[in-house]
Amino acid sequence: MTTHVTRFAPSPTGRLHLGNARTALFSWLLARGSGGRFVLRVEDTDRERCDEAHVQAQLEDLRWLGIDWDEGPDVGGPHGPYRQTERGEQYRVDYNRLLASGLAYPCFCSDDELAAERRAQRLAGRPPRYSGRCARLALDEVERRLAAGEAAALRFRVPTGVEITFDDAVRGAQRFLSDDIGDFVIRRRDGGPAFFFGNAVDDADMAISLVVRGEDHLANTPRQLLLQQALERPEPGYAHISLIVGEDGSPLSKRHGSFSLHDLREAGFLPLAVANYLARLGHACERHDLLDLPTLAQHFQLDRLSRSPARHDEAQLLHWQRLAVAAADWPALWAWMGPAVHRLVPDSDAEAFVAAVRENLLLPQDGLAWAQTVYSDPLPIDSATRDALTVEAGDFFLHALRALAVHGTDFAALAKQTGQEAEVRGKALYRPLRLALTGREHGPDMGALLPLITVERARRRLEAWASAR
RNA sequence: GCUCCCAUCGUCUAGCGGUCUAGGACGUCGCCCUCUCACGGCGAAAACAGGGGUUCGAGUCCCCUUGGGAGUACCA
């Protein structure tokens with residue numbers, strides 16, 4: 001098996017999106033599954049939108065998911081620094097090389113001029129590409145303007161009539177024409193590296209063997225290949241994975257609900273559930289059971305990645321969540337349920353409470369609801385519950401009360417005696433008991449629940465019903 | 001506009017010219033188990049976007065149409 005050195009290069013402009021998280025996970029899975037390395041690089045060149053808080057938040061999101069890295073801004077490594085804003089030294093060398101060989105040239109065009117140019121091209125039915133105006137400037141004019149302190153960006157001189165081909169690891173052979181690509185900016189007017197440049201140069205410098213990224217970068221790849229060739233740098237392999245779309249097939253966006261990793265976490269999804277879900281979105285995993293990350297990595301295959309966009313599906317996420325909850329141990333679930341539950345449930349009941357309700361939980365809020373059901377005193381009776389019970393025989397709860405006095409929280413014994421005295425069985429026996437004791441028609445095993453409810457609360461609940469008739 | 005990518009059950013997908021009366025998972029719906037729900041077991045409904053080719057033979061190869069998506073930025 002090929003050893004993959006992969007990377008994840010987020011731009012810290014906000015929280016980690018579900019799609020980015022999947023890209024990160026796939027990259028990590030490939031590196032770990034092949035015994036390779038995984039590098040984290042921060043592409044923080046957009047000074048307007050990037051900030052340190054976002055960097056920390058994204059690293060935190062990644063760690064939460066279970067992803068770790070061998071090299072990165074916080075752990076260092078042989079190819080650092082791992083923040084693009086700190087790589088000015090590295091970039092300077094390459095800019096000078098390109099300048100010296102005439103492969104790059106300063107561009108003095110203003111944003112307005114550029115916009116006008118594009119508009120005119122569009123109107124004329126031509127593709128909006130840089131005209132190359134500054135590419136033809138006389139050398140002495142360039143020097144004069146530079147000397148006069150005029151701000152200039154740096155553009156890469158794209159060769160004409162060249163065919164750029166590469167073999168995408170998921171999409172196969174790709175072919176692009178250099179004539180379709182306009183000269184693009186590699187250094188911004190403010191001196192910062194433009195995406196195509198920093199991204200391509202860093203991938204080469206950090207010895208990345210496989211760039212895993214969203215399909216939206218597919219058409220960008222020839223630009224980066226051109227740059228790497230011009231700089232005589234090694235070309236990494238590329239794997240362009242399909243994007244995640246919303247349930248309606250349109251690109252994921254705010255209107256589809258919460259889709260940052262952080263939002264999912266806040267909602268109470270377990271990291272293992274999210275990882276298992278993501279690892280199967282657009283990837284045909286032969287295993288259908290809940291897998292830990294190392295095992296997931298073992299079963300992750302590049303050639304089983306789908307080429308078509310994958311829809312986010314809440315039902316599938318919930319499925320993995322169910323399995324993840326079932327697999328978690330009780331202290332984990334207890335912590336997961338959170339302070340609201342901890343306030344209601346006495347510490348001494350914690351383990352028993354989790355054991356009783358765990359099969360009825362999908363999210364922490366479900367735990368809260370059960371805590372309220374068990375520990376509220378008195379238990380509020382809603383009209384639906386009242387209506388559901390009107391059909392029951394009058395003395396039923398008196399019998400139940402007597403049985404409770406004799407058997408305490410032994411639900412099996414309590415039910416048996418109540419059934420005998422009230423002369424009911426099956427559903428006619430268990431339903432009203434459950435309804436009166438919990439206020440709900442469905443729920444955890446009563447044998448486990450009743451000891452938590454305690455004899456005292458159970459008696460008050462039954463009395464309320466006995467006197468209500 | 002131009003360039004590129006994509007197209008199998010509702011969803012994620014298997015399928016890499018014959019073994020496909022198209023398989024699995026989730027979801028849905030039955031039945032069983034059961035004090036309820038869930039779990040588990042059994043079963044059902046459910047798809048090759050359309051049209052042309054190529055071929056003895058096409059879900060699988062080619063073209064067109066349609067429908068999605070991306071890029072064409074001094075955003076990544």
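Residue numbering restarts at 1 for every chain, and letters A, B, ... go by the order of the sequence lines. If you're wondering where the values come from, they're calculated on a predicted model, not measured in any experiment.
If you check B:A22 for Watson-Crick or wobble pairing at under 3.5 angstrom, you find it has no partner at all. In this structure B:U55 sits in no base pair that meets the Watson-Crick or G-U test at under 3.5 Å. The partner of B:C42 is B:G30, judged by Watson-Crick or G-U wobble contacts that both fall below 3.5 Å. Shown here, B:C37 forms no base pair; nothing in the strands shown gives a Watson-Crick or G-U wobble contact with both key distances under 3.5 Å. Across the strands present, B:U72 finds its partner in B:G1; the criterion is a Watson-Crick or G-U wobble pair with both atom distances under 3.5 angstrom. Using Watson-Crick or G-U wobble geometry with both donor-acceptor distances under 3.5 Å, B:C9 finds no partner in any strand shown. The partner of B:A14, taking Watson-Crick or G-U wobble pairs whose two distances both stay under 3.5 Å, does not exist in any strand shown.
Here B:U28 presents its P atom at 13 Å from CD of A:E314, a figure rounded to the nearest Å. The nearest whole Å value for the distance from the CZ atom in A:R280 to the C1' atom in B:U13 is 12 Å. Between the C1' atom of B:G27 and the NE2 atom of A:H312 lies a distance of 14 Å, rounded to the nearest Å. The nearest whole Å value for the distance from the CZ atom in A:R311 to the C1' atom in B:A7 is 11 Å. Atom C1' of nucleotide B:C12 and atom CG of A:L281 are separated by 7 Å, given to the nearest angstrom. What separates CZ of A:R126 from P of B:C2 is a distance of 11 Å, to the nearest Å. Taking atom NE2 on A:H319 and atom P on B:G27, their separation rounds to 6 Å, with Å as the unit. For the pair A:H283 NE2 and B:C12 C1', the computed distance is 12 Å after rounding to whole Å.
Using a 4.0 Å cut-off between charged side-chain N and carboxylate O, A:D205 and A:R87 make a salt bridge. At a threshold of 4.0 Å, the pair A:R7-A:D202 does not count as salt-bridged, since none of the basic side-chain nitrogens sits closer than that to a carboxylate oxygen. A salt bridge does not link A:R187 to A:D94: none of the charged nitrogens lies less than 4.0 Å from a carboxylate oxygen. Looking at A:R118 and A:E113, no side-chain N of the basic residue comes within less than 4.0 Å of a carboxylate O on the acidic one, giving no salt bridge. With respect to A:E117 and A:R133, a salt bridge is recorded, a charged nitrogen being found less than 4.0 Å from a carboxylate O. Residues A:R434 and A:E441 are not paired through a salt bridge, judged by the lack of any N-O separation under 4.0 Å between the basic side chain and the carboxylate.
Separating the P atom of B:C31 from that of B:G53 is a span of 50 Å, rounded to the nearest Å. Using atom C1' as the reference point in both B:G50 and B:C33, the two lie 47 Å apart (nearest Å). Across B:C20 and B:G59, the matching P atoms stand 13 Å from one another, rounded to whole Å. Taking atom P in both B:U3 and B:U8, the straight-line distance is 25 Å, to the nearest Å. The separation of B:U72 from B:C9, taken at their P atoms, amounts to 31 Å, rounded to a whole angstrom. B:C2 and B:G10 have their C1' atoms separated by 36 Å, given to the nearest Å. Comparing B:A7 with B:A25, their P atoms sit 24 Å apart, to the nearest whole Å. Separation of the P atoms belonging to B:G40 and B:U65 is 48 Å when rounded to the nearest angstrom.
In this structure, A:T409 and A:L404 have side chains that are not in contact, with every pair of non-hydrogen atoms separated by 4.5 Å or more.
Checked against the 6.0 Å centroid threshold, A:Y91 and A:F197 count as a close aromatic pair.
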Inset, instruction - Using a 4.0 Å cut-off on protein heavy atoms (strictly under), produce a 5'-to-3' string for nucleotides 31-41 of chain B with B for base contact, S for backbone-only sugar-phosphate contact, and - for none. - result: ----BBBB---
Inset, instruction - Scan nucleotides 65-76 of chain B nucleotide by nucleotide, 5' to 3', and note B when protein non-hydrogen atoms come under 4.0 Å of the base, S if they reach only the sugar-phosphate, - if neither. - result: ---SBSSBSBSB
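With B:U13, B:C5, B:C6 as the candidates, the nucleotide lying closest to the side chain of A:S306 is B:U13.
Under the ring-ring contact (aromatic ring centres under 6.0 Å, His included) criterion, the residue pairs touching residues 268-289 of chain A are A:Y277-A:H312, A:H283-A:F300, with sequence neighbours excluded.
Figure legend: cation-pi geometry between A:R41 and A:W69 absent, as NZ or CZ is not positioned both under 6.0 Å from the six-membered ring centre and within 45° of its axis. A cation-pi arrangement is absent between A:R155 and A:Y105 under the rule of less than 6.0 angstrom and at most 45 degrees off the ring axis.
As judged by a 4.0 angstrom heavy-atom cut-off over every strand, A:Q121 is placed among residues making no nucleic acid contact. Note on A:G192: nothing from the nucleic acid sits closer than 4.0 angstrom, heavy atoms only.
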